[in-house]
Amino acid sequence: MSLKYYMPTRVFMGSECIIDNREIFKTLGKKALIVTGTHSAKNNGSENDVKEALDLVGINYLVYDKVMSNPTISCVYEGASLAKENGVDFIVAIGGGSPMDAGKAIALLAAQEISEDNLFSGIYEDKILPMAFVPTTAGTGSEVTQYSILTNDKVQTKTSIAADIMFPKIAFLDAKYTQGLPVITTINTVIDALSHAVEGMLSVRATAASDALAKESMEKIISCVPDIKQALQAYISGKSTKVPILSMEKREALLYASFIAGMVIAQTGTTVVHAMGYSLTYFKDIDHGRANGLLLGDYIKLVHKKNPELAEKVLTAMNFTEVNQFIAMMDGLLGKKEKISAKEILEYSQKAINTKNIANCVVKPIEEEIREIFQASLD
Ligand code: NAP
Ligand code: ZN
């Protein structure tokens with residue numbers, strides 16, 4: 001057997017893991033820039049916990065809380081300017097994938113001069129501010145990946161900065177911050193994690209190690225689906241509930257599954273599903289996880305047609321015997337699907353076929369098959 005495996009992030013998981021492990025911040029420097037979205041980090045207690053931990057160990061900080069969903073290039077240059085003007089030594093990013101991905105790009109741009117034209121070149125000096133991440137959604141796994149995915153208006157899609165120096169040094173996983181995640185965000189983000197695990201197994205770069213992590217992630221997610229569906233039903237029927245929509249045990253399982261699936265894509269990359277999903281997000285404003293979820297079932301169908309053994313491996317890992325069982329589960333989570341026009345299908349398929357994600361697929365779709373997946377996956 002031969003394989004490569006690289007995951008340099010130190011992970012702390014558990015209740016109060018930030019406060020309990022606060023001394024570790026001292027290894028990153030003396031002044032931090034805390035990077036967040038506009039509201040959630042303040043509301044779920046994560047920003048306060050980080051500030052308290054930094055105060056206790058005598059580290060100064062300032063906050064950049066302007067990261068939007070699907071962060072833009074101008075946002076990360078603005079954050080990097082703030083970091084440079086204030087001479088910060090490290091970045092603490094708190095939030096979903098958007099603040100975490102912005103945090104990575106800010107850490108890179110604060111440490112070296114990179115023009116916008118060269119931002120996605122992949123050619124960087126070996127310099128970056130160290131990072132500590134606190135995920136507050138359970139979906140992207142960005143806390144353990146080397147990718148920063150930004151909205152790239154020049155080419156009208158989302159483009160990834162990928163470099164080993166982009167791995168955060170530290171990740172703190174405390175599920176209490178995810179307790180108040182609304183049901184729809186919970187579903188969209190968990191679908192993203194599931195998509196990472198599934199796509200990891202369908203990647204040419206899959207290894208025995210990444211498959212083992214993918215299976216573990218899938219099992220955890222599938223075990224939470226009945227509770228998630230129940231929460232969705234309660235939400236649809238407008239039944240107000242004072243108890244949290246998911247138990248802390250399930251929230252922990254989802255955060256763990258997302259982290260493990262992040263370790264998978266750090267090794268394998270993603271497939272045509274993510275490449276197609278970027279157009280649904282860029283042009284139709286469909287959440288990242290949902291965009292993948294809409295497409296995943298029909299891609300597995302194609303894999304089943306061309307490489308039944310591989311599809312069965314993925315389905316068995318989720319305890320399914322047929323693709324349609326997987327699609328039925330996803331339909332239950334996704335609800336009513338968005339519409340897509342023939343013109344959009346043509347345009348998005350052309351974009352997807354030209355991405356490097358195609359070469360990453362064991363089953364490489366041709367453009368016509370991509371069009372068919374779009375057609376079958378949306379209304
Ligand atoms: P997100 O865009 O980070 O956040 C979505 C929404 O959830 C925001 O409104 C956010 O509010 C809110 N939110 C976050 N945590 C919350 C909490 N604990 N309680 C209540 N609301 C909360 O969504 P995401 O799905 O986590 O991240 C998607 C991004 O990650 C995309 O840009 C995608 O391309 C990227 N991604 C990156 C990787 C990678 O490896 N780097 C992998 C997959 C996806 P605030 O804005 O107020 O915080
Ligand atoms: Zn994703």
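Just so it is clear, the structure is predicted and the values come from calculations on it, not from any experiment.
By the rule that hydrophobic residues join a cluster once side-chain heavy atoms approach within less than 4.5 Å of another member, L194 and I149 end up as members of separate clusters. Side-chain heavy atoms closer than 4.5 Å link hydrophobic residues (I, L, V, M, F, W, Y) into clusters, and following such links, possibly through other members, connects V273 to L333.
In this view, F167 and Y6 satisfy the ring pair (Phe, Tyr, Trp, His ring centres under 6.0 Å) rule, not counting sequence neighbours. T186 meets the side chain to side chain contact (heavy atoms under 4.5 Å, CB included) test with L181, I245, L246, R251, L254; sequence neighbours excluded. Under the rule for a side chain to side chain donor-acceptor pair (under 3.5 Å), K229 has no partner lying at least two apart in sequence or in another chain. In terms of the side chain to side chain donor-acceptor pair (under 3.5 Å) criterion, Q350 has no residue partners (sequence neighbours excluded). Residues passing the side chain to side chain donor-acceptor pair (under 3.5 Å) test with S341 are E344, sequence neighbours excluded. Residues meeting the side chain to side chain contact (heavy atoms under 4.5 Å, CB included) test with N43, sequence neighbours left out: H39. Under the ring pair (Phe, Tyr, Trp, His ring centres under 6.0 Å) criterion, F25 pairs with F172, not counting sequence neighbours. The side chain to side chain contact (heavy atoms under 4.5 Å, CB included) test applied to E78 returns Y64, K66, not counting sequence neighbours. Judged as a ring pair (Phe, Tyr, Trp, His ring centres under 6.0 Å), and not counting sequence neighbours, Y299 has no contacts. With sequence neighbours excluded, no residue forms a ring pair (Phe, Tyr, Trp, His ring centres under 6.0 Å) with Y5.
Here CG of L294 is found 8.0 Å from CE of M330. Values are rounded to the nearest 0.5 Å. Here the straight-line distance linking atom CE of M7 with atom CE of M263 works out to 5.0 Å at 0.5 Å rounding.
G200 and A206 make their closest contact through O-CB, 3.3 Å (heavy atoms, listed as atom of the first residue, atom of the second, distance). Smallest separation of non-hydrogen atoms from K220 and A257: CB-CB, 3.9 Å. Of all non-hydrogen atoms in A197 and A261, the two that sit nearest each other are N-CB, 4.1 Å. The minimum heavy-atom distance between I128 and K104, with the atom names listed, is CD1-O, 4.1 Å. Heavy-atom minimum distance, D298 versus S377: OD2-OG, 3.3 Å. Contact record, G297 with V323: O-CG1, 3.9 Å, taken as the closest heavy-atom pair.
Evaluation of the side-chain hydrogen bond (donor to acceptor under 3.5 Å, both in side chains) test over residues 8-22, restricted to residues two or more places apart or in two chains, returns E16-K176.
A 6.0 Å sphere centred on CG of D285 holds no more than 12 heavy atoms belonging to other residues, nucleotides or ligands. More than 12 non-hydrogen atoms from other residues, nucleotides or ligands lie less than 6.0 angstrom from CG of N307. Within 6.0 Å of CD on Q230 lie no more than 12 heavy atoms contributed by other residues, nucleotides or ligands. A 6.0 Å sphere centred on CG of D379 holds more than 12 heavy atoms belonging to other residues, nucleotides or ligands. Sparse packing is recorded around NZ of K301, with 12 or fewer heavy atoms of other residues, nucleotides or ligands lying under 6.0 Å away. In this structure, E347 places its CD atom where more than 12 heavy-atom neighbours from other residues, nucleotides or ligands lie under 6.0 Å away. Around the NZ atom of K169, the shell of radius 6.0 Å holds no more than 12 heavy atoms that belong to other residues, nucleotides or ligands. Open room surrounds NZ on K30; 12 or fewer heavy atoms of other groups in view lie less than 6.0 Å from it.
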>> For a salt bridge (charged side-chain N to carboxylate O under 4.0 Å, His left out) check, start with the C-alpha distance between K26 and E23, then their side-chain angles and the critical distance, and finish with the verdict.
In response: CA-CA 6 Å; K26 291 201 274 191; E23 292 292 326; 2.8 Å; yes

>> Under the criterion side chain to side chain donor-acceptor pair (under 3.5 Å), I'd like the reasoning laid out for S81 against E85: C-alpha separation, chi angles, the key distance, then a yes or no.
In response: CA-CA 6 Å; S81 296; E85 280 158 22; 5.0 Å; no

> Going through the checks in order, is the side chain to side chain donor-acceptor pair (under 3.5 Å) test met by N292 and H274?
Replying inline: CA-CA 6 Å; N292 298 328; H274 266 64; 3.2 Å; yes

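Listed for the Y348 side chain is no donor-acceptor partner under 3.5 Å among the backbone atoms of F283. Between the N360 side chain and the T271 main chain, no donor and acceptor come within less than 3.5 Å of each other. Side chain of Y77 to backbone of C75: no donor-acceptor contact under 3.5 angstrom is found. Remark: side-chain polar atoms of K250 are not paired, donor with acceptor, to backbone N or O of I228 under 3.5 angstrom. Between the side chain of N86 and the backbone N or O of L82, at least one donor-acceptor pair lies under 3.5 Å.
For the residue pair S115 / D117, no side-chain donor-acceptor distance below 3.5 Å is found, with atom types taken as modelled. Remark: the Q233 side chain and the S237 side chain contain no N/O donor-acceptor pair separated by less than 3.5 Å. With hydrogens and angles left out, the side-chain atoms of N70 and T151 include no donor and acceptor closer than 3.5 Å. A donor-acceptor contact closer than 3.5 angstrom links the side chains of S195 and E199. Using a 3.5 Å distance cut-off with no hydrogens or angles, the side chains of T36 and K42 do not pair a donor with an acceptor. Remark: the T270 side chain and the N357 side chain contain an N/O donor-acceptor pair separated by less than 3.5 Å.
With salt bridges taken as basic N to acidic carboxylate O contacts below 4.0 Å, none links K305 and E369.
A heavy-atom distance below 4.5 Å is found between the side chains of L119 and L109.
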For residues 134-141, run the donor-acceptor check on the side chains, cut-off 3.5 Å, and write out each pair with its distance to 0.1 Å, sequence neighbours left out.
residue, atom, partner, partner atom, Å
T140, OG1, S142, N, 3.0

